[in-house]
**Q** 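Attaching a single structure in C-alpha cells format; questions to follow.
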Number of protein chains: 4
Amino acid sequence: MDKAISRRAEEKLNRINQIRDTAERLFAQKGFFNFTMKELARKAEFALGTIYSYFQSKSQLYDTLIEGKTRELVNFVSEQVMSETTITKQLEKFIEAKLTFFHQNPDFIRLYFSETYTAPGQSQPAVFRLQQQRAALSARLTEILERGIKDGTLIPVDAKTLTRVLMGLTDGFVFSWIEAVPEKSLAIELKIAKHIFLDGVLLKPRAVKEDYL
Amino acid sequence: MDKAISRRAEEKLNRINQIRDTAERLFAQKGFFNFTMKELARKAEFALGTIYSYFQSKSQLYDTLIEGKTRELVNFVSEQVMSETTITKQLEKFIEAKLTFFHQNPDFIRLYFSETYTAPGQSQPAVFRLQQQRAALSARLTEILERGIKDGTLIPVDAKTLTRVLMGLTDGFVFSWIEAVPEKSLAIELKIAKHIFLDGVLLKPRAVKEDYL
Amino acid sequence: MDKAISRRAEEKLNRINQIRDTAERLFAQKGFFNFTMKELARKAEFALGTIYSYFQSKSQLYDTLIEGKTRELVNFVSEQVMSETTITKQLEKFIEAKLTFFHQNPDFIRLYFSETYTAPGQSQPAVFRLQQQRAALSARLTEILERGIKDGTLIPVDAKTLTRVLMGLTDGFVFSWIEAVPEKSLAIELKIAKHIFLDGVLLKPRAVKEDYL
Amino acid sequence: MDKAISRRAEEKLNRINQIRDTAERLFAQKGFFNFTMKELARKAEFALGTIYSYFQSKSQLYDTLIEGKTRELVNFVSEQVMSETTITKQLEKFIEAKLTFFHQNPDFIRLYFSETYTAPGQSQPAVFRLQQQRAALSARLTEILERGIKDGTLIPVDAKTLTRVLMGLTDGFVFSWIEAVPEKSLAIELKIAKHIFLDGVLLKPRAVKEDYL
DNA sequence: TATGAATGAGTATTCATTCAT
DNA sequence: AATGAATGAATACTCATTCAT
C-alpha cells in the first residue's frame with residue numbers, strides 16, 4: 001500500500017515536472033504572451049484539463065516557475081559564497097556561482113530578464129517575488145563589499161553603489177549569453193570576468209589611483 | 001503652393017511623431033502585449049484608423065520604433081568614440097556615450113532589453129535589425145580593443161571575447177537602471193564604471209598579472 | 001446468502017438515496033448549471049465515478065429527481081381528493097393537498113417551477129414527463145369541475161378554462177413561497193386560499209351574478 | 001450635420017434594440033445557460049465583437065433586459081391602477097394590467113419566472129433588482145387592500161397576507177400561459193380571473209361567512 | 001465495486017485590423 | 001484624410017464524462 005502510494009506520488013511529481021520543464025522551455029522560447037496553454041498541453045503530451053488540474057492558471061504556472069528557479073539561484077549563490085572566507089575569494093565565488101547557475105540553466109536567462117524587464121508599477125506577483133529575491137542576493141553582496149571596503153581590500157566607494165554595479169555587471173555578462181551561450185569556454189569566460197572585476201582591463205595598472213566620491 | 005505642401009508635410013510629420021512618442025512610452029511602460037491600439041489612439045488623441053494610415057500594424061510600429069532608436073544609439077556612440085584618439089580615451093568614451101544615451105532615453109531601456117530578450121529563432125524583423133545594430137556596435141568596439149591589445153595597452157585576451165564581455169558589462173550597467181534610474185549621479189556612476197572597467201575594484205593592484213589564454 | 005444480498009441491496013438503496021437527497025438540495029439551491037458533479041460528489045461523500053455508476057448523466061439524475069417527486073405529488077393529491085365525495089370538499093381537498101405537498105417539500109418548489117419554465121419545444125425528457133404529470137393532475141381536476149358545473153354548484157364556465165385557472169391559481173400560491181415559506185401559518189393560508197377560490201374576496205357578495213360566456 | 005448625427009444615433013438605437021429583442025427571445029426560449037453569445041450574434045446578425053461593444057458581458061446584457069422589462073411592468077400597472085378610484089375597480093385594474101402586460105410580452109414570462117426562481121442567496125444583480133421591483137408592486141397592492149379592508153369592501157384579513165396571495169394568484173395565472181398563451185381569449189380569461197378573485201367560484205354564495213383570523 | 005486523474009469539446013471575451021461614411 | 005463601428009479569429013479556462021487501477 002505504502003509502495004503504491006509512493007509510486008503514485010512519484011508519478012504525479014514526474015508529471016508535474018514534465019509540465020514544468022516544457023513550460024519553462026516554451027516561456028523562454030516565446031515569452032509569456034506568445035505561447036498558448038493548448039500548445040503547452042500538446043508539447044507536454046497532456047490534455048489541457050490536466051495542465052489545469054496541476055496549475056491554477058497560466059499566470060500561476062509562470063509565477064511558480066520564476067519563483068522556484070529564482071530561489072534556486074539565490075540559494076546556490078549563497079551557499080557557494082559562504083564556503084569561502086577572504087573577501088577576494090568570496091567575490092570570485094559570487095561571480096563564479098552566478099555565471100555557473102545561468103550557464104547551467106540557459107532557458108532561465110530569458111525568463112529572468114523578461115521578468116525583471118516588466119514594468120514595476122504593474123506589480124504582478126512573479127515580478128514582485130523575483131525582485132525580492134534579487135534584493136536578497138544584493139543584500140548578501142553588499143555585506144561582503146562593506147567588509148572589503150572597511151579592511152582596505154577594495155576601493156573606497158559607497159557599498160550600495162558598488163553592489164548595483166556588480167549586480168549589473170554580472171547580469172550583463174549573463175545577458176550576453178542570450179544570443180549565444182558559449183558551450184565550452186565557461187572556464188575562460190569566468191577567468192576573464194573575475195580578472196576584469198578585480199583588476200580591470202589595463203595591462204599596466206595606473207600609477208595614481210583617482211579619488212572616489 | 002509649395003508652402004502649403006510643406007506645411008502639410010510638417011503637420012504630417014508632427015502627427016507621426018506624436019504617435020511615435022506615445023507609442024514608445026506605452027511600449028516601455030506596459031510591454032508589447034499589455035496595451036491595445038485603442039489605448040494608443042486615445043492617448044495619442046487620434047482615431048484608430050488614423051494610426052493605421054501611418055503604420056501598417058502594431059508590430060510594424062514597434063519595429064519602426066526599435067529600429068529608429070537603435071540606429072540613434074549606434075550613431076551617437078560611434079560619433080563620440082571617433083572624436084577621441086587614444087585607446088583608453090576611446091574606451092572611456094564608449095562607456096560614457098552608451099551609458100549617457102540610455103540615461104537620456106530611459107524608456108528605451110526596457111524596449112532594448114525586451115527585444116533582445118525575444119528568442120532569436122523567431123527572426124521577427126525588429127529583433128533581427130536590433131541584433132544587426134548591436135553587431136555593428138560590437139564590431140566598432142572590437143576594432144578598438146584589437147588595437148589596444150596589439151599596442152600593449154590592454155591585457156592580451158581574445159578581442160572577440162573581450163568585446164562580448166564589455167558589451168555585456170555595459171548592458172548590465174544600464175540594466176541596473178531598469179529598477180531605478182539614478183537621477184543625479186550619472187557623473188559618479190560613469191566615473192566608477194570607467195574605473196572598474198579599466199582598473200578593477202582592488203585597491204592595491206595585484207603584483208603579478210595572471211596568464212590569459 | 002439471501003440476507004447478504006438484501007443487505008447489499010439495502011446499502012445500495014441507501015447510497016442512491018444519499019446521492020438523490022444531496023442532488024435535490026443542490027439543484028434547488030443553485031439551479032442546474034450552478035453546481036458541478038464534482039461538488040455533488042464531495043457533498044454526497046462519494047467518488048465522482050460512483051455517482052456515475054448509479055446515474056447515467058447529470059441530466060438523467062435531474063430527470064429522475066423531477067419525475068419521482070412529481071409522481072409523488074400527483075399520487076398524493078389524487079388520493080386525498082378521492083377520499084372526499086362532495087364537489088366543494090373535493091375542491092378544498094385539492095387545494096389543501098397541493099399546498100401541503102409543496103409546503104412539506106420546499107426544495108421541490110424551485111425544481112417544479114424551473115422545469116416548467118424550460119421551453120417546451122426543447123422536449124427534454126424531464127420537462128416532457130413533468131408536463132405529462134401536470135396533465136394527469138389537470139385531467140383529474142377537470143372531472144371534478146365538470147361535475148360541479150353540471151350539478152349547479154359552480155359557475156357555468158368552460159371546465160377546461162376553469163381548470164387552467166385553478167391550476168394557475170394554486171401554482172401562484174405555491175410560487176409566492178419561493179421567496180419565503182410561511183413556517184407556521186399553513187393552516188391560515190389554506191383557509192384563506194380556500195375561501196378566496198370558493199367565495200372571492202368581497203365581503204358582501206354582489207347581488208347580481210354576471211353572465212359568463 | 002444635426003441630421004446626420006441623429007440618424008446615426010437612431011441607427012445605433014435600432015441596432016441595440018435588435019440585439020435586445022433577439023437576446024430576450026433567446027433567453028426566454030433557452031434560459032441563461034443554454035444559449036451562447038455566438039448564437040446570439042448569429043441570430044441578431046451581428047459579429048460577436050459588435051455585441052460586446054454594446055453590452056459588457058452576457059450577464060450584464062441579461063440584467064439590462066430583466067431590469068428594463070420589469071420596470072416597464074411596474075410602471076404600466078401603477079399607471080393603470082391610478083386611473084381608477086374605487087377599491088373594486090382598482091383591484092380589477094390591477095389584475096387586468098398585470099395580465100395584459102404579460103399577454104403582450106409572452107417572452108418575458110419565462111424570464112420573469114426563471115429569475116424569481118433563482119436562489120435568493122446568490123444575490124445576483126438581476127435577481128436583486130427584480131425582487132425590488134416586485135416589492136414595489138406589492139407595496140402598491142397592499143395600500144389598496146388596506147383601504148378596502150378598512151372601508152368594509154373586502155374580507156377582514158391581514159393585508160400583507162392578502163397581498164402575497166393576490167400577487168401569487170396573478171403570477172399563477174400568468175404562469176399557466178407558459179405552456180400556451182391563449183391568443184384570442186384574453187378578454188374572457190380576464191373576466192373569469194376578476195370574477196374568481198372578487199366573487200369566488202361558487203354559483204350561490206355561502207350564506208354564512210366564516211370567521212377570519 | 002469504488003476511485004479520481006485525465007480528457008477535450010465547448011464558451012465567454014479580447015483586440016488587431018478593416019472599411020463605409 | 002480622418003473616423004470609429006464592425007468584424008471574427010484566437011485563447012484561457014471549465015466541467016461532464018470516461019476508464020485504468
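Here is how names work: the chains are called A, B, and so on, in the same order as the sequence lines, proteins then strands, and each is numbered from 1.
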**Q** Heavy atoms under 4.0 Å is the rule here; annotate nucleotides 12-19 of chain E 5' to 3' with B where the base is hit, S where only the sugar-phosphate is, and - elsewhere.
**A** SBBSSBB-
**Q** Please report, rounded to the nearest Å, how far the P atom of F:dT14 is from the CG atom of C:N34.
**A**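 It works out to 15 Å between those atoms.
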**Q** Can you sort out the partners of A:E39 under side chain to side chain donor-acceptor pair (under 3.5 Å), two or more places apart, ordered by chain and number?
**A**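 A:E39 satisfies side chain to side chain donor-acceptor pair (under 3.5 Å) with A:K30, A:K43 once adjacent residues are dropped.
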**Q** When you measure from the side chain of B:K69 to the backbone N and O of B:Y112, does any donor-acceptor pair fall under 3.5 Å?
**A**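 A pair under 3.5 Å: no.
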**Q** Report the residues that fulfil ring-ring contact (aromatic ring centres under 6.0 Å, His included) with A:F35, sequence neighbours left out, ordered by chain and then residue number.
**A**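 Per chain and number, A:F35 pairs via ring-ring contact (aromatic ring centres under 6.0 Å, His included) with A:F27.
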**Q** May I have the distance from D:E39 (atom CD) to F:dG8 (atom P), rounded to whole angstrom?
**A**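 Computing the D:E39:CD to F:dG8:P distance gives 17 Å.
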**Q** Only counting residues at least two apart or in another chain, list the ones meeting side chain to side chain contact (heavy atoms under 4.5 Å, CB included) with D:Q133.
**A**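 Result, side chain to side chain contact (heavy atoms under 4.5 Å, CB included) vs D:Q133: D:E67, D:T70, D:R71, D:V74.
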**Q** With a cut-off of 3.5 Å and sequence neighbours excluded, list every side-chain donor-acceptor pair involving residues 44-53 of chain D.
**A**
from, atom 1, to, atom 2, distance (Å)
D:S53, OG, D:T50, O, 2.7

**Q** Send over the distance from A:I51 CD1 to F:dC13 P, rounded to a whole Å.
**A**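 That distance rounds to 12 Å.
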**Q** Please identify each residue that fulfils side chain to side chain donor-acceptor pair (under 3.5 Å) with D:K38, with sequence neighbours left out.
**A**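 D:K38 satisfies side chain to side chain donor-acceptor pair (under 3.5 Å) with no residue once adjacent residues are dropped.
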**Q** Starting from C1' on E:dA6, measure out to CD1 on A:I16 and report it in whole angstrom.
**A**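 Answer to the nearest Å: 14 Å.
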**Q** Would one find more than 12 heavy atoms of other residues, nucleotides or ligands at under 6.0 Å from atom CD of D:Q56?
**A**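 At most 12 heavy atoms, drawn from other residues, nucleotides or ligands, come within 6.0 Å of this atom.
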**Q** Just jot down the ring-ring contact (aromatic ring centres under 6.0 Å, His included) partners of C:F33, sequence neighbours excluded, or say none.
**A**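 C:F33: ring-ring contact (aromatic ring centres under 6.0 Å, His included) contacts with D:F33.
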**Q** Give the rounded distance in Å between these two atoms: CD of D:E45 and C1' of F:dG8.
**A**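 Spelled out: CD on D:E45 to C1' on F:dG8 is 16 Å.
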**Q** Under 4.0 Å between any heavy atoms, over every strand shown, what does C:Y54 touch: base, sugar-phosphate, or nothing? Just pick one.
**A**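 The answer is sugar-phosphate, as C:Y54 gets under 4.0 Å only of primed atoms, P, OP1 or OP2.
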**Q** Using whole Å, what does the distance between atom P of nucleotide E:dG4 and atom CG of C:L40 come to?
**A**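 In whole Å, E:dG4 P lies 14 Å from C:L40 CG.
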**Q** Not counting sequence neighbours, list each pair that qualifies as a salt bridge (Lys or Arg N to Asp or Glu O under 4.0 Å) and has a residue in residues 18-28 of chain A.
**A**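 Sorted pair list comes back empty.
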**Q** Under 4.0 Å between a side-chain N/O of C:R15 and OP1 or OP2 of E:dA2, yes or no?
**A**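 For E:dA2, OP1/OP2 do have a side-chain N/O of C:R15 under 4.0 Å.
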**Q** Under a cut-off of 3.5 Å for both distances of each Watson-Crick or G-U pair, what dot-bracket string does DNA chain F give, using [ ] for crossing pairs and | for inter-strand pairs?
**A** .||||||||||||||||||||
